[in-house]
*Asks:* 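Quick one: this structure, given as structure tokens, is what I'll be asking you about.
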Amino acid sequence: VVVFTFDGHTHLDAWLESPARHEILEQMSPYVVGARTVNVVDGFGGWFDLDSDRTPRRWKQATVVLLALYPTVMLITLVNEHFVPEITLPVNILLSNIASVSILTWLLMPRLTRLLADWLRR
């Protein structure tokens, strides 16, 4: 396993297409067993796709996620306590996580990242 970190998509793409990388992979091929995979992991994934070369700083990503997550979890907790107080803890956590991830992914994060795009790019 090899892990590389890049300061933006431009430099990542340049490395992936570079002759130096291709030469290294060629030299390693006799020692590789199985298929080679490349996983690109970028902070909070698609939540911060700002059509920019530079990924927002992680502390900014974490701040925006917390800004959206805290009120979402608070509201879901209050709703659960009011409407389904008898639900077991594991089921409550599962349903709450499903609701939280869905609300953040499709409702809050797209709006917050557009609203805070200038700050996130700085």
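Basis for what follows: all heavy atoms, side chains included, without hydrogens, waters or symmetry-related copies. The residues of the chain are indexed from 1 along the displayed sequence.
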*Asks:* Closest approach of Arg21 and Leu16, non-hydrogen atoms and distance?
*Replies:* NH1-O, 3.1 Å

*Asks:* With a 4.5 Å cut-off on side-chain heavy-atom distances among I, L, V, M, F, W and Y, is there a chain of contacts connecting Leu120 to Trp59?
*Replies:* yes

*Asks:* Rounded at 0.5 Å granularity, tell me how far CG in Asn97 sits from CG in Asn92.
*Replies:* 9.5 Å

*Asks:* About how many Å separate OG1 of Thr77 and NE2 of His82, when rounded to the nearest 0.5 Å?
*Replies:* 14.5 Å

*Asks:* Can you give me the closest heavy-atom contact between Pro30 and Gln27, atom names plus distance?
*Replies:* CD-O, 3.3 Å

*Asks:* Within the distance-only criterion (no hydrogens, no angle test), does the side chain of Gln61 pair as donor or acceptor with the backbone N or O of Pro56 below 3.5 angstrom?
*Replies:* yes

*Asks:* Enumerate donor-acceptor pairs with a distance under 3.5 Å from any side-chain N or O in residues 100-107 to protein atoms, sequence neighbours excluded.
*Replies:*
| from | atom 1 | to | atom 2 | distance (Å) |
| --- | --- | --- | --- | --- |
| Ser100 | OG | Ser96 | O | 2.8 |
| Ser102 | OG | Ile98 | O | 2.8 |
| Thr105 | OG1 | Trp47 | NE1 | 3.3 |
| Thr105 | OG1 | Val101 | O | 2.8 |

*Asks:* Have a look at Leu67 and tell me which of Leu112, Leu108, Thr72 forms a side chain to side chain contact (heavy atoms under 4.5 Å, CB included) with it.
*Replies:* Leu112

*Asks:* Surrounding NE2 of His11 (heavy atoms of other residues, nucleotides or ligands, distance under 6.0 Å), is the total greater than 12?
*Replies:* no

*Asks:* Any side-chain heavy-atom pair from Phe4 and Leu12 closer than 4.5 angstrom?
*Replies:* no

*Asks:* Please evaluate residues Trp119 and Val64 with respect to the criterion side-chain contact (heavy atoms from CB on, under 4.5 Å), reporting the C-alpha separation (whole Å), side-chain torsions for both, the decisive distance (0.1 Å), and the verdict.
*Replies:* CA-CA 11 Å; Trp119 176 72; Val64 175; 3.8 Å; yes

*Asks:* Is it the case that one hydrophobic cluster holds both Ile24 and Val38, taking links as side-chain heavy atoms less than 4.5 Å apart, direct or via other members?
*Replies:* yes

*Asks:* Supply the members, apart from Val79, of the Ile/Leu/Val/Met/Phe/Trp/Tyr cluster built from side-chain contacts under 4.5 Å; use none for a lone residue.
*Replies:* Leu75, Phe83

*Asks:* For the atom pair OG (Ser18) and CD (Glu23), what is the distance rounded to the nearest 0.5 Å?
*Replies:* 9.5 Å

*Asks:* Tell me whether Lys60 contacts the main-chain N or O of Arg122 through its side chain, where contact means a donor paired with an acceptor under 3.5 Å.
*Replies:* yes

*Asks:* Do Phe48 and Leu116 come within less than 4.5 Å of each other through their side chains, counting heavy atoms only?
*Replies:* no

